[in-house]
Amino acid sequence: MANVTVIGAQWGDEGKGKIVDWLAERADVVVRFQGGHNAGHTLVVGGTTYKLSLLPSGIVRGTLSVIGNGVVLDPWHFRDEVAKLAAQGVTITPDNLHIAETCPLILPFHRDLDGLREDASGAGKIGTTRRGIGPAYEDKVGRRAIRVCDLAHLDDLAPQLDRLCAHHDALRAGFGEAPIDRDEIVAGLREIADFILPYARPVWLTLNEARRRGDRILFEGAQGVLLDVDHGTYPFVTSSNTIAGTAAGGSGLGPSAAGFVLGIVKAYTTRVGSGPFPTELEDAIGQRLGERGHEFGTVTGRKRRCGWFDAVLVRQSAAVSGITGIALTKLDVLDGFDELRICTGYTVDGRPFDYLPPHPQDQARAVPVYETIEGWSESTAGARSWADLPAQAIKYIRRVEELIRCPVALVSTSPERDDTILVRDPFAD
Ligand code: IMP
């Protein structure tokens, strides 16, 4: 297994950025394979904080970075993010960053539609990032998308624009919005094409060649398994498949390419946006987790909802995603609690469940069954070996492993990359 696929095993924001950066140093290629600039990955390298939402994390260290076909790309955001990182001294060129020619583009009217729908949904809103992710994926599956390769054929765009505008203008009319200004769209695409096209490549080819050479490929998932459009808390999910299996299809490699699947798991649970969250704590404990864990969204700045660790959900994520081992993050946020709780099952109207039932109403009514574990008073922040951890913290980790039926490969004890306990090196497998 020369490759590693990193995915979030909860609702996103598990601390993937640090782990990906830690692994990226030893990877030859880092690949994003789904999602878009809805992701928020924070890396701290040499005391500098980098916030990425679209670019693969490897770019900060100059590792070859690839945006695969499974990603939806906002070309203007891409340009801004490249400029922002350049201002922090990161060199990004078509030599170290490739974009799949087949990536669908996120256009301004996708963002409009995302916001219009959310505003019109009242209590039923998903709480999206309003970045046009969902509408862009809809157009991809509806076979109407404008893709990166179309930027080299803008004189032939009229028939595609006809179909796209016919679809969107009908939707916009329903919201009382003016039709799309086609000239403005084409002018915008002409203006951005020269910036994007040098990065456009047949990345499936680059990656297959890398694989044949035996290069180490690191796949960087975005969001988390519980936001997967098939396996997540539908409809309160994102619009892509966030499971590890997407690494192959979203980049142009076969299913065996995923290699070691590393699920990133926070030592408690958080969620941004709406939707069921059985172990949510709307009390002083939830508040304390949020404050100690600095739980604010990287992309939207929204306050994250916080709750106890839910072993049922992570066991389910590990199963549907084929997780080989987990990286447990933010353990230090649990320091100083007299006791901790772990959810080991649910009841819905008195009926027991050892998995999350699929219907949103059952999910919303699921009452957690908790197991209580004694806490620890010592600090775990900055621990770099098991010997640095209090016995109770080790007990907590061992119980998590048992309940989710998956071993710990790494424990992260602070945002600093070296504050990590390595149990099993994913690249060494
Ligand atoms: P969308 O991906 O913008 O369509 O948002 C759909 C749902 O996914 C919302 O609940 C968002 O808050 C959530 N979401 C999207 N990206 C992320 C992420 O990177 N971390 C956590 N939640 C996310």
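First listed ligand is number 1; within each ligand, the first listed atom is number 1.
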Atom pairs and distances, ligand 1 N/O vs protein N/O under 3.5 Å:
from: ligand 1; atom 1: 2 (O); to: Asn38; atom 2: ND2; distance (Å): 2.9
from: ligand 1; atom 1: 2 (O); to: Thr238; atom 2: OG1; distance (Å): 2.6
from: ligand 1; atom 1: 3 (O); to: Thr129; atom 2: N; distance (Å): 2.9
from: ligand 1; atom 1: 3 (O); to: Thr129; atom 2: OG1; distance (Å): 2.6
from: ligand 1; atom 1: 10 (O); to: Val272; atom 2: O; distance (Å): 3.4
from: ligand 1; atom 1: 12 (O); to: Gly127; atom 2: O; distance (Å): 3.3
from: ligand 1; atom 1: 12 (O); to: Val272; atom 2: O; distance (Å): 3.3
from: ligand 1; atom 1: 12 (O); to: Arg302; atom 2: NH2; distance (Å): 3.0
from: ligand 1; atom 1: 16 (N); to: Asn38; atom 2: O; distance (Å): 3.4
from: ligand 1; atom 1: 16 (N); to: Gln223; atom 2: NE2; distance (Å): 3.3
from: ligand 1; atom 1: 19 (O); to: Asn38; atom 2: O; distance (Å): 3.3
from: ligand 1; atom 1: 20 (N); to: Asp13; atom 2: OD1; distance (Å): 3.2

Identify, with sequence neighbours excluded, every residue that meets side chain to side chain contact (heavy atoms under 4.5 Å, CB included) alongside Pro75. Leu73, Leu105, Ile192, Ile196

SB check Arg182 Asp162 (cutoff 4.0 Å): yes

Taking NZ, NE, NH1 and NH2 as the nitrogens, is one of them in Arg147 or Glu101 under 4.0 Å from a carboxylate oxygen of the other? no

Once ring-ring contact (aromatic ring centres under 6.0 Å, His included) is applied, do any residues pair with Tyr396, and if so which ones, sequence neighbours excluded? Trp376

Return each pair, listed once, that meets ring-ring contact (aromatic ring centres under 6.0 Å, His included) where at least one residue sits in residues 264-291; pairs must be two or more places apart or across chains. Trp11-Phe277

State whether the side chain of Arg201 and the backbone N or O of Pro94 hold a donor-acceptor pair below 3.5 Å, judged by distance alone. yes

